[in-house]
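I have placed the structure first, in the form of structure tokens, so that the comments after it can refer back to it.
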Amino acid sequence: MTLAPTPGQTVGPFFGYALPYAGDSELVPPTRPDAIRLHGRVYDGAGDPVPDALIELWQAAPDGSVPQAPGSLHRDGYTFTGWGRAATDRTGHYQFSTLRPGGASPYFAVTVFARGLLDRLLTRAYLPGAAPAQWPSLAARADDRGFVFDIRLQGEGETVFLTHAQD
């Protein structure tokens, strides 16, 4: 017996109902002296902002170590867990308050969820000067409080999205 394939389900837009939570985008308090801001906009293939995307951030600590501490859902204001989540606003803007990642090629691992996507998208936002030469679109640019990383889902200037190994 052969079964006919059916269309896949897309993710969202249901993010506003359950996934965002208070403090989700503050990996550290924004008033902390060494806090930086990572922010940007998410654009669709027509260049329009995506107002209902969800961005997740994973990163190393400033010393390059991988945080292993629990507590991202109920932050204590002191423990750096290296993970956060931010919803885009009506202009497609997102932002995180975090620490500068360390390591040989410091980067933020970024996951994008948005309507119309069949699965999450994975990419990286490298600090200036750390992006692989063949992928300059993965370089965040510095601003007065941290770094800017815009995400283009399709079209000209499309962000490089990565695959991950599956067993």
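A quick note: this is a predicted structure, and the numbers were derived from the prediction, not measured.
Taking a cutoff of 4.0 Å between a charged side-chain nitrogen and a carboxylate oxygen, Glu158 and Arg152 do not qualify as a salt bridge. Between Arg100 and Asp34 there is no salt bridge, since none of the side-chain N atoms of the basic residue sits less than 4.0 Å from a carboxylate O of the acidic one.
Results of the side-chain contact (heavy atoms from CB on, under 4.5 Å) test with Val110 over Leu138, Leu122, Ile151 single out Ile151 as the only residue that passes.
Tyr43 and Val112 fall into different hydrophobic clusters, where Ile, Leu, Val, Met, Phe, Trp and Tyr residues are linked whenever their side-chain heavy atoms come under 4.5 Å apart, directly or through other members. Linking ILVMFWY side-chain heavy atoms closer than 4.5 Å, directly or via other members, places Val148 and Ile55 in two distinct hydrophobic clusters.
With rounding to the nearest 0.5 angstrom, the NE2 atom of His39 is 12.0 Å from the OG atom of Ser97. To the nearest 0.5 angstrom, Thr91 atom OG1 is 12.5 Å from Asp48 atom CG.
Of all heavy-atom pairs spanning Pro101 and Pro106, the tightest one is O-CB, 3.3 Å. Listed here is the closest heavy atom pair of Gln95 and Ser25: O-CB, 3.2 Å. Taking both residues in full, the closest heavy atoms of Ala125 and Phe149 are given as CB-CG, 3.5 Å, listed atom of the first, atom of the second, then distance. Listed here is the closest heavy atom pair of Phe96 and Leu27: CD2-CD1, 3.8 Å. When every heavy atom of Thr81 is checked against every heavy atom of Gly71, the shortest pair comes out as CG2-C, 4.0 Å.
Counting heavy atoms of neighbouring residues, nucleotides and ligands inside a 6.0 Å radius, atom CD of Gln134 exceeds 12 of them. Summarising the local packing, OH of Tyr107 is surrounded by 12 or fewer heavy atoms from other residues, nucleotides or ligands at distances under 6.0 Å.
Donor-acceptor pairing under 3.5 Å is lacking for the side chains of Thr159 and Thr123. Gln59 and Thr98 are linked by a side-chain donor-acceptor pair at a separation below 3.5 angstrom, with hydrogens and angles left out of the test.
Using a 4.5 Å heavy-atom cutoff, the side chains of Ile36 and Arg145 are not in contact. For the pair Val160/Arg124, no side-chain contact is recorded, criterion being any heavy-atom separation below 4.5 Å from C-beta on.
When atom types are taken as modelled, the side chain of Thr88 and the backbone of Tyr94 share no donor-acceptor pair closer than 3.5 angstrom.
Under the 30°/60° scheme for interplanar angles, the aromatic rings of Tyr21 and Trp83 are found to lie parallel.
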